[in-house]
Amino acid sequence: MKIIDKKTIAEYLNTSITNFSIEELESLIEIPPQNINYSYAFPVYRLAKFEKKAPNLIAEDLKEKLVLPEYLDEIEAKGPYLNFRVNTFTILNNIYELNQDYGKIREITEKGRFNPLKIVIEYPAPNTNKPLHLGHVRNMLLGNSLSQILAYKGHEVFQVNLNNDRGIHICKSMLAYKKWGNNEEPKERKSDHFVGDYYIKYSQKEEEDENLIDEAMDLLKLWEEGDPNTRALWKKMNSWAIKGFEETYKKFGISFDKEYFESDFYLKGKNKIIGGLEEGIFEKKDDGAIIVRLNEGYNLPDKVLLRSDGTSIYITQDIYLAYLKKEDFDYDESIYVVGNEQDLYFKQLFAVLEIIGFKEQKYHLSYGMISLPEGKMKSREGTVIDADDIIEQMNNLAYKEVNKRYPSLDKGKKNKRAEIIGMAALRFFILKFNPKSDFVFNPKESISFEGETGPYIQYCYARIESIINKSNEKIDLNINFKLLNHEKELILIKQLNYFPEIIDIVVKTYGIHLIPQYLLSLCQEFNSFYGSCQVISEDKDLERARLLLIKCVQIVIKIGLNLLGIETLEEM
RNA sequence: AGGGGCGUAGCCGAGGGGAUAAGGCGGCGGACUUCUAAUCCGCAGAUCGUAGGUUCAAGUCCUACCGUCCCUACCA
């Protein structure tokens, strides 16, 4: 077993090229365009300075000088490029031997150098006055998928949630329920939606009656004073909201190691701030508010940490929560999955934490907003894509498709299959975009099972399964690797080799979309191979070679999909 | 107004300074008596927002401008 990546090639080249270090060489090595059947390329331009020759001559000379190692099938000098093709046996052997661990080949082959970390991931931090919407869906899918990727890589991951369960927005839905709810219970209505209905009700009524906000403020005051009736109502409505959230989390396969509640500690952050004031790290303004100066050293706007009336604001609690999470999990790194509208806020939070000596590794996984063709989603106006609705729509559409293909299938099986396909479509659709970019969700056009979709990847997996089932040959490594020399096969093998590198880049850059993008390329290449190469054949040696190849494709698809939280299907 | 992000075909969108700028949707034309057509093959469609600059090489780096979104709360 041997990992072949840019670093391997760099180390190899370093034996002949002495003007550059291994690291420099590694950064120069690139992956050739799709239509070139070589795994890695080294452009020789940079050597021209030393060699004083035309690049194409340098490449040719270098090729002559290099001795082909056992893990390379071929080196080609083409124009100013030196191209390397990794040995087919090495790649397929790695995959077949490691199976579901293939993405961890580096950790496995370099055991002593891997340092597992304790990582806390906080998401999706909902407000308990309304149900989860499409923005939360993106948040949950990113948070959950990143958790799985890091855990796959051997880190100890703790998923935690912060419930924003107090404040004026909560009191708004409480007030509406008090005034117009007639003490009703959710019953058939999903309980978080039931709560959300009152939030919308409040917003509608507020337009007619501008004094309504004063009543909500009064309710907030009562809540803060601990008025028993208000607290009882709050408790009841919050439990409805949270119960509803839990049902939704379950659909996404999310479970938390710990749930935090803002109401438990919103009063507790003050000590840290007052301590900082006493140490002279923070300043008290004339009106009594405590602020931190961030312009020097951080080039950020100053930030209020405690109101002039001594009450805490969001950052007060977030500072406290950082310590609390450290106490609970003794983590090495803390990741916050929060939308990019809070980029500045997180820069400020991390700066303050650093100033007060809380030096643990922190990362804000920032993602772009989802909007609708009509514009921004607004819960208050009810113009949101609801998380539960979108799941149901996906399931229904998947059911129709399953039903069309397998009308005689047992209803329970149809449902189960539709659920897996529908969820794959949703997850893949959201995760295939670069997390950083905003995107417009067009409900009419976005829901599709054709083209670049989750079902497309699942279909590819099922097709392979079907071939394997039809063949009578055994799959093992005892094949003639030279038989895999069709253009489509070489492209597929080349792509398979990149997978562990892709996972490494995802972990380093948090670019989760690279996994869906990779899977799309792999499956497109497989389907193209499928169109021009028959696996089951009279030529049993060829059949066995191709079976191993497609088995390896299947293994990689499964790892990739599982990292995205998507299940595979053996038939569809 | 200041700060940050983004601008790639009709639409969506990948691009780790280097080879002819992926792929999907939509459009047009083909392929199921052959391993699952949720598929594949072919065609059409891009002065990569504009103008400069750095470099042997720029969609990618720098500057300015234009457009767009977000932030600039003692809200969360």
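Here is how names work: the chains are called A, B, and so on, in the same order as the sequence lines, proteins then strands, and each is numbered from 1.
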S.K.: Tell me whether Lys540(A) at atom NZ has more than 12 heavy atoms from other residues, nucleotides or ligands lying less than 6.0 Å away.
M.R.: yes
S.K.: At 4.0 Å (heavy atoms only), tell me whether Pro32(A) reaches a base, stays on the sugar-phosphate, or touches nothing.
M.R.: base
S.K.: Specify the separation, in whole Å, of atom OH of Tyr399(A) and atom P of A38(B).
M.R.: 18 Å
S.K.: Could you pull out the closest heavy-atom pair between Leu305(A) and Ile313(A), with the gap in Å?
M.R.: O-CG1, 3.9 Å
S.K.: So, for Phe84(A) and Phe42(A), is the gap between ring centers shorter than 6.0 Å?
M.R.: no
S.K.: When we call it a touch if two heavy atoms are under 4.0 Å apart, what does Gln458(A) touch: a base, just sugar-phosphate, or nothing?
M.R.: nothing
S.K.: Output the rounded distance in Å from CD (Glu525(A)) to P (G24(B)).
M.R.: 12 Å
S.K.: On RNA chain B, compare the nucleotides closest to Ile313(A) and Lys470(A); which residue's is nearer the 5' end?
M.R.: Lys470(A)
S.K.: Check the side chains of Tyr399(A) and Asn415(A) for a donor-acceptor pair under 3.5 angstrom, ignoring hydrogens and angles.
M.R.: no
S.K.: Could you tell me whether Glu450(A) contacts a base, only the sugar-phosphate backbone, or nothing, with contacts defined as non-hydrogen atoms closer than 4.0 Å?
M.R.: sugar-phosphate
S.K.: Using a 4.0 Å heavy-atom cut-off to protein, can you give one letter per nucleotide of nucleotides 7-16 of chain B, 5' to 3': B if the base is in contact, S if only the sugar-phosphate is, - if neither?
M.R.: -----SSSSB
S.K.: Using atom C1' in both nucleotides, what's the gap between A58(B) and A19(B) to the nearest angstrom?
M.R.: 15 Å
S.K.: Side chains of Asn527(A) and Arg463(A): is there a donor and an acceptor less than 3.5 Å apart?
M.R.: yes
S.K.: Could you tell me whether Phe346(A) and Tyr336(A) have their ring centroids closer than 6.0 angstrom?
M.R.: yes
S.K.: For the residue pair Arg417(A) and Tyr406(A), would you count it as a cation-pi contact if the rule is NZ or CZ under 6.0 angstrom from the ring centre and within 45 degrees of the ring axis?
M.R.: yes
S.K.: Sugar-phosphate means primed atoms, P, OP1 and OP2; the rest is base. With that split, encode nucleotides 57-63 of chain B 5' to 3' as B, S or - using protein heavy atoms under 4.0 Å.
M.R.: -------
S.K.: Do the side-chain N or O atoms of Tyr314(A) get closer than 4.0 angstrom to the phosphate oxygens (OP1, OP2) of A76(B)?
M.R.: no
S.K.: My understanding is that only one of Ile290(A), Asn271(A), Ile273(A) makes a side chain to side chain contact (heavy atoms under 4.5 Å, CB included) with Thr316(A); could you say which?
M.R.: Ile273(A)
S.K.: Provide, to the nearest angstrom, the distance between the CZ atom belonging to Arg417(A) and the P atom belonging to U36(B).
M.R.: 14 Å
S.K.: Between G17(B) and C62(B), how far apart are the C1' atoms? Round to whole Å, please.
M.R.: 13 Å
S.K.: Students often get this wrong, so: under 4.0 angstrom with heavy atoms, is Asn83(A) touching a base, only sugar-phosphate, or nothing?
M.R.: base
S.K.: Collect all protein-nucleotide pairs involving nucleotides 40-46 of chain B in which both atoms are nitrogen or oxygen and the distance is under 3.5 Å.
M.R.:
from	atom 1	to	atom 2	distance (Å)
C40(B)	OP1	Tyr456(A)	OH	2.7
C41(B)	OP1	Ser528(A)	OG	3.2

S.K.: Whole angstrom is fine here: how far is it from CD in Gln317(A) over to P in C75(B)?
M.R.: 12 Å
S.K.: I'd like to know if the side chain of Glu543(A) reaches the main chain of Ser537(A), judged simply by a donor and an acceptor atom lying under 3.5 Å from each other, with no hydrogens or angles considered.
M.R.: yes
S.K.: When rounded to the nearest Å, what value does the distance between P atoms of C12(B) and U47(B) take?
M.R.: 16 Å
S.K.: Rounded to the nearest angstrom, tell me the gap between atom NZ in Lys347(A) and atom P in U72(B).
M.R.: 13 Å
S.K.: Within this structure, what is the CG-to-C1' distance between Leu519(A) and G23(B), rounded to whole angstrom?
M.R.: 14 Å
S.K.: For Ile536(A), report the nucleic acid contact type (base, sugar-phosphate, nothing); a contact means any heavy atom under 4.0 Å.
M.R.: base
S.K.: Angle between ring planes, Phe50(A) versus Phe20(A), binned at 30° and 60°: parallel, tilted or perpendicular?
M.R.: perpendicular
S.K.: Please work out which residues in residues 34-44 of chain A have a non-hydrogen atom less than 4.0 Å from an atom of RNA chain B and list them by number.
M.R.: Gln34(A), Asn35(A), Ile36(A), Ala41(A)
S.K.: Write down the distance separating the P atoms in U36(B) and G26(B), rounded off to the nearest Å.
M.R.: 25 Å
S.K.: Describe the nucleic acid contact of Glu341(A) in one word from base, sugar-phosphate, nothing, applying a heavy-atom distance below 4.0 Å.
M.R.: sugar-phosphate
S.K.: Could you tell me whether Lys413(A) atom NZ has more than 12 heavy atoms of other residues or ligands within 6.0 Å of it?
M.R.: no
S.K.: Taking atom P in both A9(B) and U50(B), compute the distance separating them and give it to the nearest angstrom.
M.R.: 10 Å
S.K.: Rounded to whole angstroms, how far apart are CZ on Phe449(A) and P on U36(B)?
M.R.: 22 Å
S.K.: Between Arg85(A) and Glu76(A), does at least one N-O distance fall below 4.0 Å, as a salt bridge requires?
M.R.: no
S.K.: Side chain of Ala462(A): nearest nucleotide among C71(B), U36(B), C35(B)?
M.R.: U36(B)
S.K.: Expected output check: what is the dot-bracket annotation of RNA chain B, where ( ) and [ ] are pairs inside the strand (brackets for crossing ones), | is paired with another strand, and pairs are Watson-Crick or G-U under 3.5 Å?
M.R.: (((((((..(((.....[....))).(((((.......))))).....(((((..]....))))))))))))....
S.K.: Taking only residues two or more places apart in sequence, or in another chain, which ones meet Tyr45(A) in a ring pair (Phe, Tyr, Trp, His ring centres under 6.0 Å)?
M.R.: none
S.K.: Using distance only, find each side-chain donor-acceptor pair of residues 295-303 of chain A under 3.5 Å and give its atom names and separation, not counting sequence neighbours.
M.R.:
from	atom 1	to	atom 2	distance (Å)
Tyr298(A)	OH	Glu354(A)	OE2	2.9
Asp302(A)	OD1	Leu294(A)	N	3.0
Asp302(A)	OD2	Arg293(A)	NH1	2.6

S.K.: Kindly state each residue pair satisfying ring pair (Phe, Tyr, Trp, His ring centres under 6.0 Å) with at least one member in residues 447-471 of chain A, sequence neighbours excluded.
M.R.: none
S.K.: For C6(B), does the O4'-C1'-N9-C4 (purine) or O4'-C1'-N1-C2 (pyrimidine) torsion place it in syn, i.e. within 90° of 0, or in anti?
M.R.: anti
S.K.: Looking at Lys414(A), I'd like to know if its NZ atom is crowded, meaning that more than 12 non-hydrogen atoms belonging to other residues, nucleotides or ligands lie closer than 6.0 Å.
M.R.: yes
S.K.: Tell me which one of Ile515(A), Val556(A), Leu519(A) satisfies side chain to side chain contact (heavy atoms under 4.5 Å, CB included) with Leu561(A).
M.R.: Leu519(A)
S.K.: Which part of the nucleic acid, if any, lies within contact of Asp343(A), taking any heavy atom under 4.0 Å across all strands shown: a base, the sugar-phosphate backbone alone, or nothing?
M.R.: nothing
S.K.: Among residues two or more places apart or on two chains, list those pairs meeting side chain to side chain donor-acceptor pair (under 3.5 Å) that have a residue in residues 342-353 of chain A.
M.R.: Asp318(A)-Tyr345(A), Asp343(A)-Ser366(A)
S.K.: For the aromatic rings, using the six-membered ring if either is Trp, is the centroid distance between Phe261(A) and Phe265(A) under 6.0 Å?
M.R.: no
S.K.: Without decimals, in angstroms, what is the distance between Tyr406(A) OH and U36(B) C1'?
M.R.: 6 Å
S.K.: Could you go through residues 495-503 of chain A and list every donor-acceptor pair under 3.5 Å that involves a side-chain atom there, pairing it with any protein atom two or more places apart or in another chain?
M.R.:
from	atom 1	to	atom 2	distance (Å)
Asn497(A)	ND2	Ile4(A)	O	3.4
Asn497(A)	ND2	Tyr40(A)	OH	3.2
Tyr498(A)	OH	Ser39(A)	O	2.6
Glu501(A)	OE1	Tyr40(A)	OH	2.5

S.K.: My understanding is that only residues two or more places apart in sequence, or in another chain, count here; which of them pass side-chain contact (heavy atoms from CB on, under 4.5 Å) with Asp309(A)?
M.R.: Arg307(A), Thr311(A)
S.K.: Which residues in residues 295-311 of chain A have at least one heavy atom lying under 4.0 Å from any atom of RNA chain B?
M.R.: Val304(A), Arg307(A), Ser308(A)
S.K.: Less than 4.0 angstrom between a side-chain N/O of Tyr530(A) and OP1 or OP2 of A37(B), yes or no?
M.R.: yes
